[in-house]
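All ligand and atom numbering here is 1-based and tracks the order in the structure. Atoms considered below: every heavy atom in the structure, side chains included; atoms not considered: hydrogens, waters and symmetry mates.
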Amino acid sequence: MNTVVNSRLESSRRRGPALDVAVVGGGMVGAAAALALARAGISTALVEARAPAPWSVHDDVDLRVVGLAPSSVALLDELGVWTSIRTSRASPYAHMHVWDAASGASIHFDAADEGRDLLGYIVENNLVQWQLWQALDAAGVRRLCPAQVSAYEVLEDRVQLSLSGDAEAVSARLLVAADGAASPLRAMAGIATEGRDYAQRGVVAHVRTERPHDGTAWQRFIDTGPLALLPLADGRSSIVWSLPEDEAQRVLALDDEAFFQALGVASDFRLGRIVGATARAAFPLRLQLAETYQAERFVLLGDAAHAVHPLAGQGVNLGLRDVAELRATLVAARDAGSDIAAPHVLRRYTRRRRSADTLDALGFDALARIYGWQAPPLVAARGLGVRLIDKLSPIKRRLAEHAAGL
Ligand SMILES: Cc1cc2nc3c(=O)[nH]c(=O)nc-3n(C[C@H](O)[C@H](O)[C@H](O)COP(=O)(O)OP(=O)(O)OC[C@H]3O[C@@H](n4cnc5c(N)ncnc54)[C@H](O)[C@@H]3O)c2cc1C
């Protein structure tokens, strides 16, 4: 079991000059953080256990896709990678239609109502990660991959990382953990999490439907959980079907014809019959919030800090907002001549992001609970609420702006 040795050692024990920041975890969030910080003139290393596989347009669309909100697109654009992502394979969508199986109530978001062309883009996780990795060298990020952090030691003015494998040791003023929901670094730092296991899995696949998706993200709330059909550029839809564990296992095991029929029924045949599908996979769903985002010379970001229900499609968008806030915080500290890892500096990042992420995470959780109501009076109340929101344009606009990160 790895442990943190939190001690003050004499300067004679320090090895080599420290970088400003070491980011651990090179998924979408960690890679974006390393690139954003390096571009801002903050010397940065990126430590990642597994190098991402090269993305190719000749490969089928990867099963893991995300809906990128305008705030995320703006950050990726600023980092100089958005054009390559968009021209490689990204699917814009201008509408979102959400409806409730039990009450029949629905809500429709239209980008034009918000004075925008689009609500967002559906993109493959590995395409975003790959394009970010392509930009790291030119930005001067020191890549340490494959390498895993086995322990770290907090010294007076830096953090010393011990890496497994052949990788050399590295030290930095600040350690940024973007190592995913299971975050080994969060455990090493002794930061606890709170939340709940939804006892659900998100079944994912890309499906071909009888009718076109019309550039619309569709989501139907069913008593077993939400089903999303996200529009892909090649005309297929990518499904995220949240189901109780045993139901998810059953759906994974169905033969193709039975799966097409079950999914057709679950989607209320909104896009007609299902006529083709890729292999299926499933991911466990949990709500998980770190009790704090900081420790000594240490911060959390991305899924290491917060994992949310995919019903709002916001997980990575929250992570990229963490990146923008961390960069603003560290640049302001540096420009003011402060230590970028001073507790008051890290508190600013924690205060801003933890409260925003908590509100969102609890909001998505509340939605999951409200849509879990089965009793007829509660279903009727929910239907009334949804119909009201659909009619009240200021509230609807606020919801759309919030989802867009505006
Ligand atoms: C079914 C499903 C659907 C989703 N849909 C959406 C959506 O539509 N929109 C959206 O915004 N989000 C969505 N999400 C959430 C989104 O996928 C995540 O929020 C996002 O992938 C998190 O990125 P990350 O970089 O924080 O973590 P990860 O992608 O988990 O990356 C962590 C990285 O850290 C590395 N690592 C771990 N430990 C170490 C170590 N000790 N040393 C070195 N490296 C290490 C790992 O190899 C990995 O590369 C969905 C999630 C699920 C499950």
Ligand 1 polar-atom proximity to protein (N/O, under 3.5 Å):
residue  : atom   : partner : partner atom : Å
ligand 1 : 8 (O)  : G67     : N            : 3.1
ligand 1 : 9 (N)  : G67     : N            : 3.4
ligand 1 : 9 (N)  : G313    : O            : 2.9
ligand 1 : 11 (O) : G313    : O            : 3.3
ligand 1 : 11 (O) : G315    : N            : 3.2
ligand 1 : 11 (O) : V316    : N            : 2.8
ligand 1 : 11 (O) : N317    : N            : 3.4
ligand 1 : 11 (O) : N317    : ND2          : 3.4
ligand 1 : 12 (N) : G315    : N            : 3.3
ligand 1 : 12 (N) : V316    : N            : 3.2
ligand 1 : 17 (O) : R64     : NH2          : 3.2
ligand 1 : 19 (O) : D303    : OD1          : 2.7
ligand 1 : 19 (O) : D303    : OD2          : 3.4
ligand 1 : 19 (O) : V316    : N            : 3.3
ligand 1 : 25 (O) : M28     : N            : 3.4
ligand 1 : 25 (O) : V29     : N            : 3.1
ligand 1 : 26 (O) : D303    : N            : 3.0
ligand 1 : 44 (N) : A49     : N            : 3.2
ligand 1 : 47 (O) : E48     : OE2          : 2.6
ligand 1 : 47 (O) : R50     : NH2          : 3.3
ligand 1 : 49 (O) : E48     : OE1          : 2.7
ligand 1 : 49 (O) : E48     : OE2          : 3.2

Aromatic ring pairing Y152/F298, orientation class (parallel under 30°, perpendicular over 60°, tilted between): parallel
Ionic contact status for R280 with D256, cut-off 4.0 Å: yes
Set of residues satisfying salt bridge (Lys or Arg N to Asp or Glu O under 4.0 Å) with respect to D62, sequence neighbours excluded: none
Residues forming a side chain to side chain contact (heavy atoms under 4.5 Å, CB included) with T193, sequence neighbours excluded: R186, Q288
Residues which pass ring-ring contact (aromatic ring centres under 6.0 Å, His included) with H95, listed by chain and number, not counting sequence neighbours: H108
Salt-bridge present (R173, D157; N to O < 4.0 Å): no
